[in-house]
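Notes follow the structure.
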Amino acid sequence: MMSSQAQKGLVFKEEEIFGRGSQGRTGYSLPAFGCPTMDPRKLLSDDSLRIELEGFPRLSEPEVIRHYTRISQWNFSVDTNFYPLGSCTMKYNPKVNEAIARFTGFTNLHPLASDDHAQGTLGLIYDLGLWLCEITGLAAATLQPAAGAHGELTGLMMIRAALQMRGNARSTVLLPDSSHGTNPASVIFCGYKPKTLTSNENGMINLNELEEVMDDSVAALMITNPNTLGIFESKMLQIAKLVHDRGGFVYCDGANLSALIGKTKFGDMGIDVAHLNLHKTFSTPHGGGGPGAGPVVVTEDLEPFLPVPVVIKENTSYIRDFARPKSIGRVHSFNGNVGVLIRAASYILTMGAEGLVEATEAAVINANYIRARLIDHYFMPYKGETLHELVISDKWQNEYSVTTFDIAKALIDRGFHPPTIYFPLIAKGALMIEPTETESKETIDEFCDAMIEIAELAKSNPEKLLKSPLNTVRSRLDEAAAARNPNLRCDFCG
Ligand SMILES: *Cc1c(COP(=O)(O)O)cnc(C)c1O
């Protein structure tokens with residue numbers, strides 16, 4: 001049954017494409033060929049020929065285009081509206097960086113091209129490495145890792161190699177309980193045991209506890225700064241000294257660098273290794289599993305362990321150096337996800353040093369503005385000022401049986417993507433909001449108005465929140481059943 005009527009205004013229902021079309025319909029028509037044709041069955045063996053699929057839909061071009069375009073309109077993206085996922089930096093990425101990444105000089109380069117045929121791309125990799133070192137205050141970089149988690153593993157492997165050379169790789173890595181889930185996973189992947197540190201009432205590392213557990217079994221402390229609560233670890237120098245004095249390394253998860261660029265540097269905080277997520281802070285759109293890049297920056301001491309190849313400059317040429325005996329080896333094919341590196345280089349160049357500092361300031365001001373507008377309406381488990389993101393909770397709304405989940409769904413009805421929910425785990429019923437620097441005051445005010453309206457509705461008419469979302473193609477789903485028993489075939493639109 002055709003069901004092309006609107007579901008809500010101009011949001012269209014859309015059924016499975018297999019239910020559409022009719023025999024003989026075709027997607028294109030061309031004039032008769034002016035050259036002789038041959039029956040493909042005479043040219044190709046049977047196993048190379050496409051088998052006619054039973055029930056394969058026969059559709060016109062506009063039917064195909066409308067089908068996919070309508071489905072795409074059910075998606076929400078940062079090009080649609082505000083997308084304040086905390087610990088994700090869902091910022092708007094300027095289209096100019098996309099255009100530059102598509103320059104044919106970059107896109108047509110064969111991955112096996114020799115160094116002298118790849119000077120432009122190698123030069124870009126070299127320069128971007130220098131810029132990331134300047135931004136982080138560290139000495140050397142690899143741009144190969146394909147994601148934040150991959151960067152974590154690469155950094156930890158370098159720490160392991162360095163400790164191994166000293167004679168003992170040690171066994172444990174310390175992590176705060178607010179850390180991103182990829183941190184303990186990378187620790188285990190690298191053959192270490194994760195040991196959790198309990199955050200203090202300000203959401204920071206407890207120095208006394210660190211003092212107690214930091215011994216010669218500990219390879220590294222893996223920290224996030226600003227941490228996953230959006231709070232700056234102000235005791236960073238003491239923390240680093242403690243770890244270094246007892247022979248460990250300090251790893252910093254720099255996935256979200258929006259709060260620091262141009263303000264402070266990892267190198268000045270006693271950090272030995274860090275990864276950055278170019279697909280968060282440096283203008284590659286993320287989410288949906290597209291390619292990313294998680295460059296790793298290190299101190300001079302760790303530089304010999306960088307993965308191969310390292311791009312170096314000799315006179316005026318860029319070459320890939322493989323002759324690095326202490327290297328941990330390759331972590332990615334070819335040169336990493338180069339398209340992401342090009343976007344980052346383009347972003348840094350178009351922003352300029354001053355622009356990057358302004359972006360940092362705007363990201364922090366935006367988060368603190370939201371904090372100020374919501375502080376009388378939502379419980380905030382950590383009292384200190386925040387950097388680029390903030391954590392609030394549903395504690396006050398729980399009195400009316402309204403939960404974080406209901407708040408998130410109610411935001412959808414008001415046109416906003418919900419923030420990160422129920423994370424970090426140490427804040428019960430958390431909503432973690434990261435506005436980023438790219439949002440205007442008007443957008444942020446609309447979001448805050450919606451949040452305040454929801455908080456008020458929770459008091460006056462909580463029932464109204466329990467059925468949201470109502471303005472979407474599908475309303476509240478049984479999410480547990482959907483995750484355990486996914487039905488990817490469409491009875492979705494029936
Ligand atoms: C996103 C994120 C990661 C993981 O990055 P991926 O690219 O998804 O692997 C790690 N740590 C923090 C703090 C993050 O926000």
Side-chain angles (χ1 to χ4, degrees), residues 78 83-91 93 132 136 142-157 173-190 194 196-197 199 203-205 220-233 250-261 266 271 273-297 331-332 336-337 339-341 343-344 363 367 386-391 419-427 430-436:
V78 82
Y83 203 139
L85 275 188
S87 195
C88 280
T89 316
M90 301 299 285
K91 66 181 178 184
N93 296 295
L132 296 180
T136 56
T142 174
L143 308 189
Q144 288 181 34
H150 194 194
E152 292 165 21
L153 179 63
T154 303
L156 288 170
M157 285 166 72
V173 172
L174 305 175
L175 313 124
D177 51 7
S178 61
S179 76
H180 195 275
T182 50
N183 290 189
S186 301
V187 167
I188 290 170
F189 231 86
C190 195
T196 306
L197 301 173
S199 302
M204 296 194 233
I205 297 242
L221 166 68
M222 208 171 179
I223 196 170
T224 307
N225 201 13
N227 68 24
T228 309
L229 298 163
I231 299 168
F232 189 77
E233 293 281 357
V250 181
Y251 185 103
C252 188
D253 180 333
N256 312 100
L257 207 64
S258 304
L260 299 188
I261 300 174
F266 287 156
I271 285 158
V273 203
H275 78 269
L276 317 176
N277 278 21
L278 300 189
H279 50 290
K280 287 181 180 167
T281 317
F282 293 92
S283 198
T284 282
H286 87 292
V296 174
V297 282
V331 298
H332 198 287
N337 285 335
V340 180
L341 308 181
R343 287 175 183 83
T386 197
L387 285 182
H388 61 298
E389 59 193 1
L390 68 148
V391 174
T420 300
I421 57 171
Y422 298 109
F423 182 84
L425 302 176
I426 58 170
L431 287 109
M432 189 191 200
I433 306 167
E434 183 183 2
T436 82

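Read the numbers this way: they start at 1 and go in the same order the structure lists the ligands and their atoms.
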Which protein heavy atom lies closest to atom 14 (C) of ligand 1, and at what distance to 0.1 Å?
-> Lys280 NZ, 2.9 Å

Is any side-chain heavy atom of Asn93 less than 4.5 Å from a side-chain heavy atom of Thr284?
-> no

Taking atom 11 (N) of ligand 1 as the reference point, the nearest protein heavy atom with its distance = Asp253 OD2, 2.5 Å

In ligand 1, which numbered atoms sit nearer than 4.0 Å to a non-hydrogen atom of Gly148?
-> 5 (O), 6 (P), 7 (O), 9 (O)

Which atoms of ligand 1 have any heavy atom of Asn256 under 4.0 Å away?
-> 13 (C), 14 (C), 15 (O)

Distance-only donor-acceptor check, side chains Thr196 and Asp177, under 3.5 Å = no

Ligand 1 to Thr182, heavy atom cutoff 4.0 Å, flagged ligand atoms 3 (C), 4 (C), 10 (C), 11 (N)

State, with a plain yes or no, whether a side-chain heavy atom of His332 is found less than 4.5 Å away from one of Asn337.
-> yes

With atoms numbered from 1 as shown, which atoms in ligand 1 lie under 4.0 angstrom from a non-hydrogen atom of Glu152?
-> 10 (C), 11 (N)

Look at atom 9 (O) of ligand 1 and find which of Ala149, Gly254, Gly181, Cys252 reaches it with the closest heavy atom.
-> Ala149

Non-hydrogen side-chain atoms of Thr228 and Phe423 separated by less than 4.5 Å | yes

Under 4.0 Å from any heavy atom of Ala147, which atoms of ligand 1 are there?
-> 7 (O), 9 (O)

Please answer whether the main-chain N or O of Asp253 pairs with a side-chain N or O of Glu152 as donor and acceptor at a distance below 3.5 Å.
-> no

Which protein non-hydrogen atom lies closest to atom 5 (O) of ligand 1, naming both residue and atom, and how far is it?
-> Asn277 ND2, 3.0 Å

